K.L.:
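The structure is given below, and queries will be raised subsequently.
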Amino acid sequence: MDLNLLWYLVPSVVMFACGVYGFVTRKNMIAILISLELMLNSADLNFAIFNRFLFPGSMEGMVFTLFAIAIAAAETAIAIAIIINIYRAVGSTNVLESNKMKH
Amino acid sequence: MGITLPILILCLPLFMFLLLGIGGVKMSRKVAGILGILGMGTTMTLAYIVAFTYFFSGNPEFIIDGVRQQYQVFDVTWLAFTPKLVVNLGFLLDPISAMMLVVITTISFMVHLYSWGYMEHEGGFQRYYAFLSLFSFSMLGLVVATNIFQMYIFWELVGVSSFLLIGFFYRLPSAVSASKKAFIVTRFADLGFLLGILTLSYFTDTFNFVSMTSNPMNVLAETGGATFMGCSVLTWAMVLIFTGGMGKSAMLPLHIWLPDAMEGPTPVSALIHAATMVVAGVYLVARMFPVYCVVEASMTFICCVGAITAFYAAVVACTQVDIKRVLAFSTISQIAFMMVSLGVARDYMIPGEHYSGLGYMAGMFHLFTHAMFKALLFLGAGALIHAVHSNDYTKMGGLRKYMPITHWTFLIGCLAIAGIYPFSGFFSKDEMLAAMFARHWFWGAWMTMVAGLTAFYMFRLYYLIFWWEENPEYEHHKPHDAPWQMSLPLIILAAVSCVSGFIPFGELVTWNGAPYHIHIEAPVAATSLTVAVLAILLATVMYRKKNPLPEKFRNALPGLWTAAYHRFYWDEIYLFITHNIIFNGICKAIAWFDRHVIDATMDGFAKVTQKVSYSIRGMQSGNVQAYVLWYFFGALALAIITLICII
């Protein structure tokens, strides 16, 4: 069996779809954050895959992936900090309860 | 001539305006008054030096072989529209501008001094002096303009200062409406002026006076045979430019603002609405004189407008009660006199005439003498109003015993304006009438009649103020002569009015700079003198002592008297046109269109936006996940559309 591009892309799409589904349906902010990470990781995966199959001689995609992972880590830290603050203010991490912005 | 003095003449009044206008609040009345008077005194001295250097130094810049030259002291580029069409700012010295420098600064200085006494107890003293300085600056800038656009700028500036000073007592509704009226009427006329300037400069590619007037046939050639509505374009341009002069100089039918302008303080009336600003129209025609001469039709137009206005204003002046209004109508009449005098002058020799430019010289001469004696009469009227606290001659009468200085100076002013030898008005009026008779007997006869009316109404006014019958109220409040600040200008101006007729004006100011030796033409002089003396005698019989004669005259011609008293209903006609036709007719339709079409369209846009916003605002729930879902579907839709487009 020959491992071509499609074999890698399909799991990436599945991962992205899971991320979207989780982002829309879960009510806990931490769970939403995890779904977000899933989407981000599927994008990272795509970078690596396309680099490997389309431009085998170069390393840009890989390097980009590493950068994205690093930035995602920083983002997560900020997101968690925000969530903690929201928890302190609202007393819950339920996303439905923090809708004061609309007023 | 160096550039320093001319620059200072313009900058000093401007500086005084800024100083008194900005710093006046912090100054006491005395400091502000003294500063204003000193500033104007210095300007006057500088202007005298410049004018005397121009006339008498014999410098080849100014006079070559006995012919006075036009000399541009400086002329700097200000706005360059195209390489050929450039607006400059400069300082032009020629006979009329040098003469005007003297007139303006003299009268302005007299008025500054006089106002110190007259305005002593009025509020806004510092503001008053600031406005006077602004006016002096604008008027000086107007007369020394090197090009017609610079003249237009300063023309508007004098309009503004006139507006500010007429409305000086801004708590009086009558003063406010008078200032508005003056501004709107003159602005309306200036629209014509601007159109004329643009038309003329479109063809000649220049605004400069010297290049236009030195070769007027060239101007005619440049406009070519272009015609508009049956008249040549040059005729249109010159008549439109004259329209601006008609507005400023209060010629019929744009005269309605000047009598109302008397709402301003009396010294202002003397300075702006008698001696200097209102003669700007005459000055404009004199400035463009060679170009006007090329267009015969425009000269005829000037003559007709002037002749009708002179007669109309003289008749109205015979019936007015307010002494300032009499003087205002007298001013209108005298300015119209100058206009006719310019209108009969030509810059080329007419067969059988010894000097066809005489009218120009005479008009300028009369401008000079009139400025002096009319300022004197107005300042005298101010002294009377100051003493009696009324503008109405019925509150006066028999004042000669109480106010000797005012009485004698006023009498000198009346004699001068009536044209009695040896007072200044005689000489200038005689030259003007000689020029008119030389052109056509009709103009001469018509204007002699106006001169007779002038003598009559001035002496009617004189007798009603100083003789007639004493007002019994003098018992309680005894009128007395004004303080020295007010009497001194009266005496100086009276002295000037006595002697200025002997100035050899023809040697100084002529249209082409070549000297002209004035000689009094015996027949004309005898006629005008006889008419004036007869008119004065008639006035003496009618008004010297209280008698029923004026009442009888009035009852003999009730219709004419009432019409003249109401100034032949010009104001009513204007009110009818503006209120009934323009406001009620045209403006109502425009207002309806504005409200129901333009505003309604805009309101419609607003309403639609609001409705749409209300209907979709439920989508903004504050729930982040709903937003994400919308975003997701949007992105999906975009992706699908992109895919469809690619395939």
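These figures come from a predicted structure and were not determined experimentally. Residue numbering restarts at 1 for every chain, and letters A, B, ... go by the order of the sequence lines.
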K.L.:
Pull out the residues in residues 629-641 of chain B that come under 4.5 Å of chain A, heavy atom to heavy atom, sorted by number.
P.N.:
B:Leu629, B:Phe632
K.L.:
Does any non-hydrogen side-chain atom of B:Tyr128 lie less than 4.5 Å from one of B:Val268?
P.N.:
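Yes; the side chains approach each other to less than 4.5 Å.
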K.L.:
Answer with side chain, backbone, both or neither: which region of A:Val24 has an atom nearer than 4.5 Å to a non-hydrogen atom of chain B?
P.N.:
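Both backbone and side chain.
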K.L.:
List the atom pairs, with distances to 0.1 Å, where a side-chain N or O of residues 576-587 of chain B and a protein N or O form a donor-acceptor pair under 3.5 Å, not counting sequence neighbours.
P.N.:
from     : atom 1 : to       : atom 2 : distance (Å)
B:Thr578 : OG1    : B:Tyr574 : O      : 2.8
B:Thr578 : OG1    : B:Leu575 : O      : 3.2

K.L.:
Which heavy atom of B:Gly159 sits nearest to which heavy atom of B:Phe183, and what is that distance?
P.N.:
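Smallest interatomic distance, heavy atoms only, reads O-CD1, 4.0 Å.
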K.L.:
Report the relative orientation of the aromatic rings in B:Phe131 and B:Phe168; use parallel for angles under 30°, tilted for 30 to 60°, perpendicular for over 60°.
P.N.:
perpendicular
K.L.:
Ignoring hydrogens, what is the shortest heavy-atom contact between B:Phe169 and B:Glu122? Give both atom names and the distance.
P.N.:
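In this case the closest contact between B:Phe169 and B:Glu122 is CE2-OE1, 3.5 Å.
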K.L.:
Within the 4.5 Å heavy-atom criterion, are B:Phe15 and B:Phe137 side-chain neighbours or not?
P.N.:
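Sidechains of B:Phe137 and B:Phe15: no contact.
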K.L.:
Could you list all the ring pair (Phe, Tyr, Trp, His ring centres under 6.0 Å) pairs where at least one residue sits in residues 13-45 of chain A, not counting sequence neighbours?
P.N.:
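The answer is none; no pair qualifies.
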K.L.:
Can you pull out the residues in residues 27-63 of chain A with any heavy atom less than 4.5 Å from chain B?
P.N.:
A:Lys27, A:Ile32
K.L.:
Taking NZ, NE, NH1 and NH2 as the nitrogens, is one of them in B:Lys181 or B:Asp571 under 4.0 Å from a carboxylate oxygen of the other?
P.N.:
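Salt bridge between B:Lys181 and B:Asp571, a charged N being under 4.0 Å from a carboxylate O: yes.
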K.L.:
Calculate, to the nearest 0.5 Å, the distance between atoms CD1 and OG belonging to B:Ile153 and B:Ser138 respectively.
P.N.:
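Result: 11.5 Å between the selected atoms.
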K.L.:
To the closest 0.5 Å, what do you measure between CE (B:Met151) and CD1 (B:Ile197)?
P.N.:
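Spacing of CE (B:Met151) from CD1 (B:Ile197) equals 9.0 Å.
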